[in-house]
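What follows is a short report on a single structure.
Chain letters run A, B, ... following the sequence lines, proteins first and then strands; every chain starts at 1.
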Amino acid sequence: MSKTKKDGSDNNLSLKQKRSLSDSEFSFNPLQLESKWRSVWEKEGTNQIDLDSAARPYFNLMMFPYPSAEGLHVGNMYAFTGSDIWGRFMRMKGFSVFEPIGLDGFGIHSENYALKVGKHPAVQAKISEANFYRQLSLIGNQFSWDQKVETYNPAYYRWTQWIFIQMFKAGLAYRDKAAVNWCPSCKTVLADEQVIDGACERCDSQVEERELEQWFFKITDYAQRLLTNLSKIDWSPKVKIAQKNWIGKKEGIDITYEVVLEEGKPVGKTVVCFTTRPDTNFGATFVVLSPESSVLGKLKPFIKPEIWSKVTAYAASSKKMSREDRIDQGREKTGVFTGLYCLNQLTGKKMPLWVSDFVLMEVGSGAVVGVPGHDLRDFEFASKFDLEIIRVVVGADGDNSPITTSSQVQEEEGVMVNSDFLNGMDIKKATKVIMDYLEEKGWGKKVVHYRLRDWLISRQRYWGPPIPMINCKKCGWQPVPDKDLPVLLPEVEDWKPKGEGVSPLAAVESFVKTTCPKCKGSARRETDVSDTFLDSSWYFLRYPSKGRKDVAWDKKLTEKWLPVDMYIGGAEHSVLHLLYSRFLTMVFYDLGLVSFEEPFTKFRAHGLIIKDGAKMSKSKGNIVNPDEYLKKYGADSLRCYLMFLGPLSAGGDFSDTGMRGMFKFLKRVYSLVLEKSRGMTEKVTDKEAYIISKTIKDVEGGLRRLKYNTSIAFLMEYVNFLKEQKAVSSQSLHTLAVLLAPFAPHLAEELWQHLGGNHSVHSQSWPKFDPKVLKQEQIELLVQINGKLRDRIWVSASLAGLKTEAEQKQVLDLVKALPKVKTHLQGKEIKKTVFVKDRLVNLVVA
RNA sequence: GCCAAGGUGGCGGAAUAGGCAGACGCGCAGGUCUCAAAAACCUGUGAAGCUAACACUUCGUGCGGGUUCGAUUCCCGCCCUUGGCACCA
């Protein structure tokens, strides 16, 4: 609600007066205006910075796009605008802002797009590149164009390969068998993200698992550090939490059980079970091995042949199933009893040893000790196979009867019973006590497990950097020597995914055949390419050093510009990209290649732009391409509209009507400045000075909190205020242009120039507000009765402090004299009075 | 199931060291201008009640409690939406 007078009739130019001004002065043509300033900026290098000499370097990074879709997505533009506004704000705050851009055009996304449109990925890459850079040049970002990088460029992926070799030399790259997602219909390996609910994203057929030899990066070696360092970086909390969950640290104990025969005779073998809940071990009644467990092989001599055949048949059938199927929660438990037992040292009890596919080899130790009374899964298993159930915990409900239904299964909390020396203890305390006890006895060993698994690097695809390794029969795996980098991706016609679990490169004999770098004998190249995420996990290091041909990154420039000061990007990369980048940076640090452990000092996640309440997607056909809006309204309107939708972290729903409203606002700003600049005053009135300072403060507050929507709203209020003034000071209008600059860079430049400003508005410093001006002489106090607002009263600032009793009494007298207060107080007694400095007086009556 | 974020007019949203709920905008309605329309501009716009009018009163921030002089904001218990993780031992 505006408190300023609304009848501004005499303050505004009449229509006649307006018409007397020449038409051209009032025609707002954003397209012409924007293209004019684009070329001026380019010509004068307004947005270029000298990376070597910049005084106060500030690395403002945004996630580079996958140029795989039909063009820049309005969601990309949302993210880039949000980041650019921040960069421009920092620039006006006096920093030399480096704002690079590039394309993450290597990898499966781009290859799939090429498959879809039926073009060779290399050909499509050039088309996408031209289109993306064209669009990116129109959105008003202060990109450092000279530094742009594309991951599919040999000058870039040469260093991606070099990084692979550094990982190999550091012992952090290794080969192992791994299950991969296999689509039998497309005859290809799929990335995890291409598997939707166990089915192929493209043809919907059921995905199978296949075992293949693959390259891995040992990210698990860094699990603890990736977790610990989270406390050192300023990131959106939700992203930190997502990473923490993904790393999934679990502290527990490996308990070793002796395997015995039916009659109790030990066979000389053991089974190790990892558990985080050893407190319930007095209630353990069975042990389950994963079907893939290597322990099974060792136990074979002690398992009866007719049982062994059942075990192997079971293991074979579970192998056919995809991981998704196996862990489907609702599925009924299955399993085979081995005929063997594990001895529970605590109770002396023989626990039957089973094999079941609900136990996953890669989790914990691949073996589980079953406590059916206090674990729902174990309960289901025990119920199915009629195994003993013992209660060892009593929960808050006090139920201490035998456990016969799943609702009685007490998992999270309670007090120990039937557990010898643990009885009466809270489960948390019991866990500690029993852990120490088991370790002391030599029955168990405290361990930490992580959910995080090693990073699978290999892709049996074409469109990626060939993994720079050579396999020699005599010397084993050898890295390609530096002088032979890059290993160029051969241009082949038959680049489509093959059916045999190998990359299409395997069919290119001229590529595969090579010599061993060590013994010079004949050898074969690795034919897999590396994961897209490897390309994108170091691109920020390349940006400043793009000009360097001899190193991946220049030491001096890297010292100067990194780590990244502000990174804005999508929350969908919370775990993969952001974790891999952190991992690699830590490795580089350990190898002495960089001087910092964390790549991104500050990270903020932006929200998602949706359309009509739904996610934009190709299949729904509701993707908004910014082109048509850029063409119709220009970049400034689109930028401001997107930012006005809500806080940057929230995203928003794209609509055409809102777009139009923002266009109208910018048009009003334009006319206002042209009109008011005619009779600009030098003198700034007190009222103006106050509003100017307040606006600077508020707009800046919105910028700092990435709530650009509020900054724009304050600018609108400011414009509404200026509109109502008969005469406006030059300072008011200059301030408007400067404050508008981060949001609508083209229009702001135009206005700045019109006002006679020199050089670029974007090189101006962000204005300072004057706190003294913001202190008012009169302050409005709210008058409440029983907490309900009844009136308001203006008092002098000194009195509004309400510090002394004398001041309080003086204000109270004024308040009591108010007619409305009198009415409400009639016949009532004031029981208490609440004074809040500069805010209010509340009278509490009976 | 677990973790996280959120629920405020017709719509997007604003306001949280507890203190004017609905800033700003969209939409809608009425008006000015026009032969007419568009554009532009002006006025109004949470609901209900009461007024000739100005005004005033009551209700109102997902639901139910609580703390407080005072709660959109803090606490407890629910419901719903969105995102992430999930037979994780």
Side-chain angles (χ1 to χ4, degrees), chain A residues 1-2 6-9 12-16 18 26 236-242 244-246 248 250 252 273-277 288 290 326-331 333 356-360 362-371 375-378 380-381 411-412 449-451 571-572 574-575 607-608 610 613 615 641 644-647 649-653 655-662 664-665 667-668 671 698 702 707 709-717 719-720 723 780-789 791-792 820 823 831-834 836 838-845:
Chain A
M1 186 187 332
S2 172
K6 283 278 161 115
D7 67 343
S9 48
N12 289 292
L13 289 177
S14 72
L15 263 138
K16 256 186 202 163
K18 275 187 182 169
F26 280 97
S236 300
K238 68 172 183 179
V239 175
K240 282 196 191 183
I241 288 163
K244 190 173 168 242
N245 292 342
W246 186 264
K250 280 178 300 211
C273 294
F274 175 72
T275 178
T276 54
R277 291 292 308 276
V288 189
S290 159
R326 264 180 71 172
I327 61 179
D328 183 16
Q329 214 156 20
R331 208 176 125 240
K333 297 280 180 290
S356 175
D357 62 9
F358 83 85
V359 179
L360 306 170
E362 63 271 25
V363 178
S365 58
V368 164
V369 55
V371 184
D375 182 293
L376 215 48
R377 262 175 344 189
D378 295 350
E380 285 170 13
F381 193 78
E411 288 188 307
E412 300 288 315
H449 278 282
Y450 297 91
R451 202 197 78 98
E572 69 273 19
S574 291
V575 284
L608 219 59
I610 56 174
K615 224 178 194 171
Y641 164 67
F644 194 57
L645 283 173
S649 61
D653 202 336
S655 86
D656 290 25
T657 49
M659 182 69 235
R660 170 113 206 112
M662 189 51 71
K664 275 155 66 175
F665 168 66
K667 193 170 164 185
R668 271 202 302 276
S671 324
D698 290 342
K707 294 184 84 170
N709 54 327
T710 62
S711 296
I712 294 171
F714 290 124
L715 282 172
M716 286 172 167
E717 284 188 51
V719 166
N720 290 343
K723 233 163 72 180
E780 190 182 40
L781 294 180
L782 305 179
V783 178
Q784 296 184 337
I785 292 170
N786 284 347
K788 282 204 168 100
L789 179 73
D791 208 346
R792 28 181 123 236
K820 280 179 201 164
T823 324
K831 279 173 64 185
K832 189 177 168 183
T833 319
V834 180
V836 181
D838 294 342
R839 274 262 157 74
L840 59 83
V841 176
N842 186 18
L843 307 177
V844 185
V845 300

Map A:Val844 and A:Arg660 onto RNA chain B by nearest heavy atom, then report which one ends up closer to the 5' terminus. A:Arg660

In terms of heavy-atom contacts, A:Ser365 and A:Phe274 come closest through OG-N, 3.0 Å

Rounded to the Å, how far apart are A:Met716 CE and B:C24 P? 10 Å

With both distances under 3.5 Å as the test, what is the Watson-Crick or G-U wobble partner of B:G27? B:U45

Looking at every strand, decide which applies to A:Arg839 at a 4.0 Å heavy-atom threshold: base, sugar-phosphate, or nothing. sugar-phosphate

Taking any heavy-atom pair under 4.0 Å as a contact, classify A:Ile241: base, sugar-phosphate, or nothing. sugar-phosphate

Determine which nucleotide pairs with B:C2, using a 3.5 Å limit on both distances of a Watson-Crick or G-U wobble pair. B:G84

Write down the distance between CG (A:Asn245) and P (B:C2), rounded to a whole number of angstrom. 14 Å

Counter-base of B:A14, judged by Watson-Crick or G-U geometry with both distances under 3.5 Å: none

Of all the choices, B:C42, B:C59, B:C87, which nucleotide is nearest to the side chain of A:Lys723 once you look at every atom? B:C42

Quick check: does any side chain N or O of A:Gln784 sit under 3.5 Å from a backbone N or O of A:Leu840, one acting as donor and the other as acceptor? no

Scanning both residues in full, the closest heavy-atom pair of A:Leu782 with A:Arg792 reads CD2-NH1, 4.0 Å

How many angstroms lie between CG in A:Asn842 and CG in A:Leu781, if you round to the nearest 0.5 Å? 12.5 Å

For a quick test of reading the model, state the closest non-hydrogen atom pair linking A:Val369 to A:Cys273 and the distance between them. N-SG, 3.7 Å

Round to the nearest Å and state the distance from A:Phe714 atom CZ to B:G25 atom C1'. 13 Å

Using a cut-off of 4.0 Å on non-hydrogen atoms, how would the nucleic acid contact of A:Pro237 be classed: base, sugar-phosphate, or nothing? nothing

Base, sugar-phosphate, or nothing: which does A:Asn842 touch, judged by heavy atoms less than 4.0 Å apart? base

Please classify the nucleic acid contact of A:Lys707 as base, sugar-phosphate, or nothing, using heavy-atom distances under 4.0 Å. sugar-phosphate

Atom-pair distance (OH on A:Tyr450; C1' on B:A89), nearest Å: 17 Å

Mate of B:G70 across any strand shown (Watson-Crick or G-U wobble, both atom pairs under 3.5 Å) is none

In Å, rounded to the nearest 0.5 Å, how long is the span from OG of A:Ser655 to OH of A:Tyr641? 3.5 Å

When rounded to whole Å, the CG to C1' distance for the pair A:Leu840 and B:U68 reads 14 Å

Where does B:G9 fall, syn or anti, if syn means a chi angle no more than 90° from 0? syn

Looking at every strand, decide which applies to A:Lys820 at a 4.0 Å heavy-atom threshold: base, sugar-phosphate, or nothing. sugar-phosphate

On the six-membered ring of A:Tyr450, is A:Lys250 placed so that its NZ or CZ lies under 6.0 angstrom from the centre and within 45° of the ring axis? no

So which atom in A:Asp378 and which in A:Val368 form the shortest heavy-atom distance, rounded to 0.1 Å? OD1-CG1, 4.2 Å

A:Asn720 CG to B:C41 P: how many Å, rounded? 11 Å

Both A:Thr710 and A:Gly366 contact RNA chain B. Which one's nearest nucleotide lies toward the 5' end? A:Thr710

When rounded to whole Å, the CD to C1' distance for the pair A:Glu380 and B:C87 reads 8 Å

Can you check the A:Leu782 CG to B:G18 C1' distance for me, whole Å? 14 Å

B:C20 base to A:Arg792 side chain: any donor-acceptor pair below 3.5 Å? yes

Apply the test side chain to side chain contact (heavy atoms under 4.5 Å, CB included) to residues A:Ile712 and A:Met662: give CA-CA distance (whole Å), side-chain angles for both, the deciding distance (0.1 Å), then the verdict. CA-CA 10 Å; A:Ile712 294 171; A:Met662 189 51 71; 4.1 Å; yes

Determine whether a donor-acceptor pair (one donor, one acceptor, N or O, separation below 3.5 Å) exists between the side chain of A:Lys832 and the base of B:C69. no

Record whether the side chain of A:Arg277 comes under 3.5 Å of the base of B:A89 through a donor-acceptor pair of N or O atoms. no

With the criterion being N/O to N/O and under 3.5 Å, what pairs connect the protein with nucleotides 5-12 of chain B, and how long is each?
{"unit_1": "B:G12", "atom_1": "O2'", "unit_2": "A:Leu645", "atom_2": "O", "d": "2.8"}

A:Gln784 near the nucleic acid: base, sugar-phosphate alone, or nothing, with a heavy-atom cut-off under 4.0 Å? base

What is the pairing partner of B:C54, taking Watson-Crick or G-U wobble pairs with both distances under 3.5 Å in any strand? none

